[in-house]
Amino acid sequence: MKIKLQSGKEVLVEAFHLTATYGGLLVGSPTIQSNEILINHLSYPISWGERPYILKKSDMYSDEKNVLKPIVYSVWLSSSETIDDKENQFDGCALIVMWFGNDEPHKSIHDIILDGVKNIDWDKFAENYQF
C-alpha cells in the first residue's frame, strides 16, 4: 500500500502494527511517571530490524488527566528514492513512525496510517539504506 504525504512524497507501507497503550499495566492508574517510563520504553516490532524511527509526541493524551490515548500505532515506511544521495550509493530510504491514537474500528487501515503520518517531514527523519 502506498501513502501520499502532505509534501507530495509517496511512500510504501512495509508493515503496520498496533497495540494497547496500557496492555502491560497490572495495577493502579497511569501517572506522569508511569507514562514517562512507558514512552521511554516504546518500541516497534523487533522483526522490523534496526531502522530510524520517530515518536510523534503531539496529541498523545486523551481527555482524561494523565491518560495517554489507548492505542500505540507503528508503521514502517520506505521509498526507493534516496535522500541527498549525490554519489548514488544507497538503495532507498526508510522511517518508522509511532504515535498514540484512539481506537477507530470504523476507519480503514489506510486512513489510520495516513492520518498518523501525513505531516511527517520525510527528508528530515528518514534515512538512506543499502541492501
Acceptor/donor pairs from residues 66-75 side chains to any protein atom, 3.5 angstrom cut, sequence neighbours excluded:
from  : atom 1 : to     : atom 2 : distance (Å)
Lys69 : NZ     : Asp59  : O      : 3.4
Lys69 : NZ     : Asp59  : OD1    : 3.2
Lys69 : NZ     : Asp59  : OD2    : 2.7
Tyr73 : OH     : Asn102 : O      : 2.7

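Checked against side chain to side chain contact (heavy atoms under 4.5 Å, CB included), Gln33 has the following partners two or more places apart in sequence or in another chain: Thr31. Partners of Ala20 by side chain to side chain contact (heavy atoms under 4.5 Å, CB included), not counting sequence neighbours: none found. Listed by chain and residue number, Lys107 satisfy the side-chain hydrogen bond (donor to acceptor under 3.5 Å, both in side chains) test with Glu104 (two or more places apart in sequence, or in another chain). Residues forming a ring pair (Phe, Tyr, Trp, His ring centres under 6.0 Å) with Tyr53 (at least two apart in sequence, or on another chain): Tyr44. With sequence neighbours left out, the side-chain hydrogen bond (donor to acceptor under 3.5 Å, both in side chains) criterion links Ser108 to Asp111. Considering only residues two or more places apart in sequence or on other chains, Leu114 meets the side chain to side chain contact (heavy atoms under 4.5 Å, CB included) condition with Ile3, His110, Lys118. With sequence neighbours left out, Ile83 forms a side chain to side chain contact (heavy atoms under 4.5 Å, CB included) with Cys93, Trp122, Asp123, Ala126, Asn128.
Applying the salt bridge (Lys or Arg N to Asp or Glu O under 4.0 Å) rule to pairs touching residues 71-92 yields Lys9-Glu81, sequence neighbours excluded. For the salt bridge (Lys or Arg N to Asp or Glu O under 4.0 Å) condition, no pair includes a residue of residues 29-51, sequence neighbours left out. Listed by first then second residue, pairs satisfying salt bridge (Lys or Arg N to Asp or Glu O under 4.0 Å) with a partner in residues 38-49 number zero, not counting sequence neighbours. Listed by first and then second residue, the salt bridge (Lys or Arg N to Asp or Glu O under 4.0 Å) pairs that reach into residues 14-23 come to none, sequence neighbours excluded.
In Leu42, the CG atom is crowded: over 12 heavy atoms of neighbouring residues, nucleotides or ligands sit closer than 6.0 Å.
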Item to check | side chain to side chain contact (heavy atoms under 4.5 Å, CB included) evaluation trace for Leu95 with Val117 | outcome: CA-CA 11 Å; Leu95 175 66; Val117 303; over 6 Å; no
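Phe16 CZ to Ile109 CD1: the interatomic distance, rounded to the nearest 0.5 Å, is 6.0 Å.
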